[in-house]
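Treat the numbers as computed from the prediction; the structure is a model and nothing was measured. Both counts, for ligands and for their atoms, begin at 1 and track the order of listing.
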Amino acid sequence: FLAPAPAVPIRTLSRLRAGPEPAPAAGLPWWWDAVWKLPALKPGPPSSTAGTPVTFADSANVFKTNIEQLYGGFPSLDGAPMAEGALDDLAEGTMFVGLQRYFTENGSPYKLCFGPKSFLVISDPTQMKHILKDNNEKYDKGVLAEILEPIMGNGLIPADPVTWAVRKRAIAPGFHKKWLNHMVGLFAYCNKPLFRSLDGIVEGGGGRVNMEEKFNSVALDIIGKSVFNYEFDSVTKESPVIKAVYSALVEAEHRSMTPAPYWDIPLANQVVPRLRKFNADLALLDNVLDELIDKAKTTRQVDDLEELENRDYANVKDPSLLRFLVDMRDADLDAKQLRDDLMTMLIAGHETTAQVLTWALFELTRNPEQLAKVQAEIDEVLGDRDPTMEDLMSLEYTRLVIAETLRMYPEPPLLIRRCRTEDVLPRGHVDNVENGTVIRGMDLFLSVYNLHRSPLYWEHPDTFDPSRFTRRFENKDVEGWKGFDPAVWAGRLYPNEAAADYAFLPFGGGARRCIGDQFAFMEATVTLAMVLRRYEFDFAGVETPGEEGGTYAEHPASLVHPVGMRTGATIHTRKGLHMTARKRVGTGAATVEAVSAGAVA
Ligand code: HEM
């Protein structure tokens with residue numbers, strides 16, 4: 001099913017246009033044309049249907065054009081070359097690496113076929129901007145929404161455009177300035193159990209710790225407390241609820257890598273053990289969320305938006321986003337919609353931040369000079385205090401480390417879209433398609449990984465260099481791309497997509513860009529600063545040196561490090577980030593009790 005498309009010469013619409021119309025080839029069966037005359041397979045009108053969901057007939061029409069391009073010798077309207085080659089990377093869990101190879105060979109866009117499914121892969125900033133920002137209304141979340149629907153329902157990430165517009169208006173004000181300021185204290189508070197746990201490991205067990213696991217726990221505790229005022233306590237405890245959260249995440253990830261939605265097959269949910277377990281876990285999680293929603297509704301205190309945004313958070317017992325959504329005047333109190341929104345935040349805001357922290361620690365450990373710079377900055381700005389919002393602005397190098405980590409390890413590495421209204425793409429830098437038409441129903445992968453690792457847009461893209469965001473970068477060979485300009489992001493928390501003219505998309509772009517960007521960036525900066533102030537880390541030997549081939553220390557400079565990369569929704573390590581932790585001496589050796597004295601209770 002996953003066999004790659006057969007080898008065909010790369011053709012482009014522009015080249016084909018110049019030549020005579022190709023004769024329908026013998027590669028298509030005799031009944032081909034007749035089948036496509038069936039009324040059920042008649043696609044909707046291409047451009048007059050904005051807002052109309054893509055139907056089966058539209059998707060079938062995409063399949064038809066691919067088959068005709070592959071076997072019939074017809075040009076496809078998008079004109080994109082079909083990528084050829086083995087898809088070993090998919091099975092390996094590093095599909096984004098394979099997509100990078102095809103980008104080097106084919107430019108942007110190119111097409112990838114998996115059995116009946118195909119994806120147009122975009123890796124060009126002008127085309128990204130066109131799709132995400134300027135023509136956002138022509139696209140929806142397509143396959144992603146289908147995969148996530150059983151978990152997130154109609155939450156903000158998978159939401160169809162109509163629901164999205166309503167919910168975005170309700171949820172976005174929740175991330176207001178006063179709340180974000182208050183969250184800085186909450187991030188510090190949620191790090192305390194991590195320090196207790198690390199202190200115990202350092203003192204009692206030789207300091208060996210899987211930091212990927214620890215960062216996942218801290219991020220889960222933070223999202224639980226901030227979004228629905230729930231104490232997961234996952235750094236110190238194991239509970240069925242925590243297991244259910246991880247099960248939902250693993251299943252969401254598994255589904256994103258599974259080409260056929262076997263969970264939609266009748267009775268599959270009752271028969272397949274994996275699905276039965278998943279449904280039981282989801283039911284458990286739903287119960288917890290329902291209880292929290294009920295509680296918030298019964299203690300509702302209606303306020304106008306302005307009053308809510310000006311609350312004195314120092315005296316608010318429950319500062320969660322759920323409280324805000326319920327207390328807002330004219331709030332939508334539909335329990336299902338609130339549940340979908342909460343579940344979406346839980347999943348979107350947990351693993352992404354945890355993986356950024358994991359890769360930041362990984363890169364700093366193998367770049368000791370940069371680590372020393374970060375630690376010097378933290379010591380100077382924070383001393384033994386917990387960070388405040390002002391401190392975060394002063395921790396510029398630490399923030400650049402987070403930004404550089406997001407460049408090298410974008411979470412997620414691919415954005416997914418489906419075309420709802422026929423669209424014409426602008427020409428990409430690599431001259432493979434001139435004004436390719438994206439037809440209704442076409443699925444797209446927007447490879448942020450390709451963009452962030454391309455030498456066209458970044459100097460030495462595989463080198464971890466946080467200072468790059470302070471330097472101007474231009475490439476005159478890339479027609480129409482403005483380059484990277486540090487002046488554009490001056491005064492902001494992090495370098496945004498505008499500073500790189502859409503070659504840097506850590507939080508996406510346009511209307512569907514991340515709603516939790518500031519929250520996440522601050523959370524990652526606080527956690528990294530607090531951890532690195534107290535502890536020093538070395539890579540521990542890999543668990544199975546025979547299989548992976550050596551220890552971390554033996555491969556300090558290699559790009560594909562023994563820690564390995566594996567992806568689903570985000571980029572993980574293959575087997576964890578196993579480190580040996582030691583307490584720092586000097587400023588960083590402050591006790592947990594001393595440094596957390598000012599944390600929120
Ligand atoms: C470092 C951490 C994070 C990264 C890298 C990240 C990245 C992204 C990206 C790339 C998108 C755009 C997806 C697309 O266009 O298809 C997105 C959307 C979204 N993110 Fe984040 N995110 C992070 C943290 C968070 C947090 C903490 C929250 C909530 C508390 C959150 C909530 C959302 C939501 C609700 C959307 C959908 C927005 C919409 O469609 O309007 N994210 N995120």
Quick check on contacts: which atoms of ligand 1 are under 4.0 angstrom from a heavy atom of V356? 1 (C)
Note the single closest protein heavy atom to atom 38 (C) of ligand 1, along with its residue, its atom name and the distance in Å. R513 O, 3.7 Å
With rounding to the nearest 0.5 Å, note down the distance linking OG1 in T358 to CD1 in I571. 11.5 Å
Do we see a donor-acceptor contact under 3.5 Å between the side chains of S394 and D391? no
min-distance protein heavy atom vs atom 26 (C) of ligand 1 -> G349 CA, 3.3 Å
Name the closest protein heavy atom to atom 12 (C) of ligand 1, giving the residue it belongs to and the distance to 0.1 Å. R512 O, 3.5 Å
Proximity flag Q355 to ligand 1, non-hydrogen atoms under 4.0 Å: no
Any donor-acceptor N/O pair, E411 side chain to E351 backbone, under 3.5 Å: no
Examine K141 against ligand 1 and note whether any of their N/O atoms are separated by less than 3.5 Å. yes
For the NZ atom of K129 and the CG atom of D501, what is their distance to the nearest 0.5 Å? 4.5 Å
Could you check whether atom NZ of K177 has more than 12 heavy atoms from other residues, nucleotides or ligands sitting under 6.0 Å from it? no
Using a 3.5 Å cut-off on N or O atoms only, is R417 in polar contact with ligand 1? yes
Enumerate the atoms of ligand 1 whose separation from the nearest heavy atom of A348 is less than 4.0 angstrom. 24 (C), 25 (C), 31 (C), 32 (C), 33 (C), 42 (N)
Say whether I223 and ligand 1 are in contact under the criterion: heavy-atom distance to a ligand atom below 4.0 Å. yes
What part of L406, side chain from CB on, backbone N/CA/C/O, both or neither, has a heavy atom under 4.0 Å from ligand 1? side chain
What protein heavy atom sits nearest atom 6 (C) of ligand 1, and how far off is it? F507 CD2, 3.6 Å
Hey, would you say the Y409 and F464 ring centroids sit under 6.0 Å apart? no
Output field: ring centroids F324/W179 closer than 6.0 Å: no
Examine F469 together with F484 and report whether their ring centres are nearer than 6.0 Å. yes
Closest heavy-atom approach to atom 18 (C) of ligand 1 among C514, P158, A511, A354 is made by C514
Consider every N or O of T353 and every N or O of ligand 1, then say whether any pair is closer than 3.5 Å. no
Drop me the distance from D423's CG to N135's CG, to the nearest 0.5 angstrom. 4.5 Å
Say whether P506 and ligand 1 are in contact under the criterion: heavy-atom distance to a ligand atom below 4.0 Å. yes
Among protein heavy atoms, which sits nearest to atom 41 (O) of ligand 1, and what does the distance come to when rounded to 0.1 Å? W164 NE1, 2.7 Å
Between D140 and R418, does any side-chain N to carboxylate O distance fall below 4.0 Å? no
List ligand 1 atoms under 4.0 Å from G508, heavy atoms only on the residue side. 10 (C)
Tell me which protein heavy atom sits closest to atom 35 (C) of ligand 1, plus the residue, atom name and distance to 0.1 Å. I515 CG2, 3.5 Å
Atom 7 (C) of ligand 1 sits nearest the protein heavy atom E411 O, 3.4 Å
Test side chain to side chain donor-acceptor pair (under 3.5 Å) on D341 and T344; report intermediate values, then the result. CA-CA 5 Å; D341 291 333; T344 302; 5.4 Å; no
Is the closest basic N to carboxylate O distance between R513 and E497 below 4.0 Å? yes
Applying a heavy-atom cut-off of 4.0 Å, say which part of F519 lies close to ligand 1: side chain, backbone, both or neither. side chain
Identify the protein heavy atom lying closest to atom 36 (C) of ligand 1, giving its residue, its atom name and the separation to 0.1 Å. I157 CG1, 3.4 Å
